[in-house]
Amino acid sequence: MLRLLVNGNRIERDDIDPDTPLLWVLRDSLNLVGTKYGCGIGACGACTVHLDGRPVRSCSITAKQADGRAVTTIEGLAEGSDLHPLQRAWIDLDVAQCGYCQAGQIMSAAALLAKNPRPSDADIAKAMAGNLCRCGTYLRIQQAIRKATSDKREDA
Amino acid sequence: MSTPTNRAKRASVPESALLLDPYLDSIIEPADHRAIEDHTPQPDRFAQLDRRGFLRASALAGGGLMVTYWMPVREARANAESDVNPSAARENSFEPNAYVRITPDGYISLFATAPEIGQGVKTSLPMILAEELDADWNRVRVEQAPIDPQVYGRQSAGGSRTLASSWTALRKAGASARALLIEAAAQRWQVPSSECTTEPCVVVHPPTGLRLDYGALTDAAARIDLAKLAEPTLKDPKDFRILGTRVTGVDNRALVTGQPLFGIDQTLPGLLHAAYVKCPARGGRVAKANLDEVRALPGVRNAFSLTGTGMPTEVMPGVAIVADSTWAVLRAREALRIEWDESSAAKDSFSKASEQARGLGPRGAETLRETGEVDATFEGAPKTVEGFYSYPFVAHAPLEPQNCTAWFKQGAIELWAPTQTPDRALPVIAKVLDIPQDRVTVHQTRAGGGFGRRLINDPMCEAALISQRVGAPIKLLWTREDDTAHDFYRVGGFHRLRGALNAEGKLVAWQDHFISFSHDGKSPVSGGNISETEFPALLVENFHLSQSLLPLATPCGPWRAPRSNAIAFVVQCFMDELACEAGRDQVEFWLELLGEPRWLESGNPYALHTGRAAAVIRLAAEKSGWGEKLAPRHGRGLAFHFSHAGHFAEVAEVHVDESKRISVTRVTVAGDIGPVINPSGAENQCEGAVIDGLSTMLGLALELEDGRISPLNFDRYRLLRMPQTPRVDVHFVKSDFAPSGVGEPALPPLAPAVCNAIFAATGERVRSLPLVGAGFRTRA
């Protein structure tokens, strides 16, 4: 029996092979398709989710390894209709081109800000180095992360 | 000849297409469905508005107005298709270009007919329509139109021409719909329409202060006698309220909340998952496979081999696995053992081709252009420069791997796919399945990057065949390795160049022997050709361009800025070599070559204009601080390239340390694409093009040996990451020329600008890409 807490919802499933990568559990079994497949080897970051608050590449974590733990995906980042400051910044700064990598980018950035609310540019570059954007939107991603940190401070 | 009656008959198609399309089902309210179904087109509701455009207005039962506008686009389309499919010829010159639906609640729906692949047309094209319609952008909804070229005309994204070919038609469509609403209000108020004007989504009559929302006028507008409608006037660009402003992408919220928008996100009741495994060398056939063993694995529904059609653009031989889940498919693949018959498979070797190319002299097998006295000029020239340039095969590597969801039932098929050419998929799928084309329905999804890969619909053909075979809905997903191993690559190539300078350091002769590849021994592969008018052909008096073609079996195709992505590197680096040899400042050397402002090919508005070229070069120089002193081992490099109707100059600033570790610190982009529709989108495209160009020239190369491509995944095919990203400043020349697309033309100048900067910083000339292959390293 696989037990997961996904975006706050308790999931119990006995029909999932324990070796299944978490990515495919999310996409195929739970129909949470915001988490994307890009490479299958943890090299592109499109499948980034939070496991107990830490960013992981869900293509490289098995269901067994995630068992009993809390998973947050892009679908669970907003609180109801109240978007995460990063999501708001992504919309306002018009970050996306094709948009395929952006869920993974936002999840990596959210994990960074949870740990380090005022990251330097170098901190940002380091934390985001595992996420590829084939369209090359890195500059806007940087700006959006900076904007989200300052918006957060204004809120505080 | 087309007549309005024909047009009216064809106009009955959109409604049925709308009804057939479940994608739109989810976004059109049920009331609208009935309205469209009940509506019978009336020929008299359709009128020729002016010499060129046609308008049709229909009432939606239950309230609302649908406006359709047709305009001939043959000329624009011929240009647009030339890069991808030179033989594309269509008889029909009239196509509906724009659909506007206005509902009584005042909301306006605009149909985006072209695929969104990240180039922003789902936002920028409706902006044009909304501008002339005088719509309130906050009350505009954009919907992806169903795929039916009979109804919507060309529905492809490629060649950066979507915008150029739609500009006038969309403006006229918007203006016509606005004129219709004004006429409706004027009749209701019994005032002359000439006294009425509009504010966003409202018709106003200033003398009386009367106002009516567009939503309140839809029924009346649908009853207007179109024949009496005056030809609409287009806005003066200085009155634009939407165009030229920063408008954010219409799908942004859905994207950042992880909504299912992409092909890979499609799901259906009872959906099965599929893989299709082909020979790593193109053309290999299945000799033997352990299919029984694979069929017995958990979750596997079926495994079978297909001979396919033998066409790389359709279905090549391979083994299909169909299973309950993606994971079951992937696990079964691990157990699959195929013995390939490679007797007719590709045996290509790029390293051998490279050796062969290096042995060739300055004149190729076929002369493409020869003017003046080339040999004599070289003999008499005080200074000559020679260089041999090469660049490798690269992959498109869109982050969303190829995929397609297909459902074959009762002799018909429905497909959901992230394709750049959904319109062209229809006949191909019909051919592959041997069913009539009217039994093929294609749904356009958002595409996770295209870069040219999705112009070809082989994954759709594979999915269609597999679904037909198993009689169930399937989602075919290529792995990253499949995607790289079965691409239509940007072909590698070689140039042997010679240039001659006169005593004043002026360029007086240019000779280029281009060594490319051919599948048939006659014409170059897609993306491996060069135009006889390619810069600087029309600017140098003594000019010789020739080509030699080496045999190749591996498929190639258009890759972002086809041809230009490699030619600019070669030509603009060699320009820099000549300028340096002449001891001249690069800006001055380039401007001297361009000469007086003029179109280089008279009568062709998509040709290079020397004045526009000079303006972007000057702007890039000015904004980059060209000529200002830099620290040791730092350098600036300039490059200019014209492609896809866009004039772009770029200046790169680099630092190279003693161990050849390179940092590109800043790139200044200056472009002229006519009026900029959406600065937010256009700047983003330019930044992305710079980063794509840098990523490719720094570290990307595919090996091709024994017909096999490697590496296949991102651990060794190393795209640029955030820490290596330079500052990018984008500037546009504000020009009044026709607007053109921006998805491609900012990419080509990047590589030569960086190479020229490396020379300025180190004195080392780079003539072979990528840089990591030339001994350079990138910063971690």
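Sequence lines set the chain letters: A, B, ... in the order given, protein chains first and strands last, and positions in each chain run from 1.
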Say you draw a straight line from [atom1] of [X] to [atom2] of [Y]; how long is it, rounded to the nearest 0.5 Å?
| X | Y | atom1 | atom2 | answer |
| --- | --- | --- | --- | --- |
| B/D692 | A/C133 | CG | SG | 9.5 Å |
| B/R331 | A/W24 | CZ | CH2 | 14.0 Å |
| A/C39 | B/Y717 | SG | OH | 14.5 Å |
| A/Y37 | B/R480 | OH | CZ | 7.0 Å |
| B/D265 | A/L32 | CG | CG | 11.0 Å |
| B/R246 | A/L93 | CZ | CG | 9.0 Å |

By a 4.5 Å heavy-atom criterion (distance strictly below it), what part of [X] contacts chain A: side chain, backbone, both, or neither?
| X | result |
| --- | --- |
| B/L271 | neither |
| B/F714 | both |
| B/V728 | both |
| B/P298 | neither |
| B/S325 | both |

Contact winner vs chain A - [options], heavy-atom pairs under 4.5 Å:
| options | value |
| --- | --- |
| B/G120, B/G299, B/A397 | B/A397 |
| B/E116, B/Q685, B/Q259, B/R560 | B/Q685 |
| B/D324, B/V690, B/L477 | B/L477 |

Out of [options], return the one with the most heavy atom pairs under 4.5 angstrom to chain B.
| options | result |
| --- | --- |
| A/V25, A/D17, A/T137 | A/D17 |
| A/G34, A/G40, A/G136, A/C98 | A/C98 |
| A/L86, A/D92, A/V33 | A/V33 |

Please confirm whether the backbone N or O of [Y] pairs with a side-chain atom of [X], one donor and one acceptor, at under 3.5 Å?
| X | Y | answer |
| --- | --- | --- |
| B/N684 | A/D94 | yes |
| A/R27 | B/I264 | yes |
| A/R134 | B/H396 | yes |
| B/R721 | A/A129 | yes |

CA sep, side-chain torsions, deciding dist, call: A/L139, B/I691, side-chain contact (heavy atoms from CB on, under 4.5 Å): CA-CA 10 Å; A/L139 294 165; B/I691 290 166; 4.3 Å; yes

Does any heavy atom of chain B fall under 4.5 Å from the side chain of [X], the backbone, both, or neither of them?
| X | result |
| --- | --- |
| A/L83 | side chain |
| A/V95 | backbone |
| A/Q87 | both |

Between A/D28 and B/T326, a side-chain donor and acceptor under 3.5 Å: yes

Any side-chain heavy-atom pair from [X] and [Y] closer than 4.5 angstrom?
| X | Y | value |
| --- | --- | --- |
| A/R140 | B/E683 | yes |
| B/W327 | A/D19 | yes |
| A/Y100 | B/P401 | yes |

Heavy-atom closest pair, residues [X] and [Y]:
| X | Y | result |
| --- | --- | --- |
| B/L255 | A/A96 | CD1-CB, 3.7 Å |
| A/C135 | B/F451 | SG-CZ, 4.1 Å |
| A/L132 | B/L720 | CD2-O, 3.9 Å |

Stepwise side-chain contact (heavy atoms from CB on, under 4.5 Å) test for A/Q142 and B/M722: CA-CA 9 Å; A/Q142 280 170 350; B/M722 190 184 283; 3.4 Å; yes

Working for side-chain contact (heavy atoms from CB on, under 4.5 Å), residues B/V256 and A/H84: CA-CA 10 Å; B/V256 303; A/H84 189 284; over 6 Å; no

Residues of residues 42-50 of chain A contacting chain B, heavy-atom criterion under 4.5 Å, by residue number: A/A43, A/C44, A/A46

Contact residues of residues 58-81 of chain A (partner chain B; heavy-atom separation under 4.5 angstrom):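 If one takes a 4.5 Å heavy-atom cut-off, the residues of residues 58-81 of chain A near chain B are A/I74, A/E75, A/S81.
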
Stepwise side-chain contact (heavy atoms from CB on, under 4.5 Å) test for A/K36 and B/L399: CA-CA 9 Å; A/K36 294 294 192 270; B/L399 205 56; over 6 Å; no

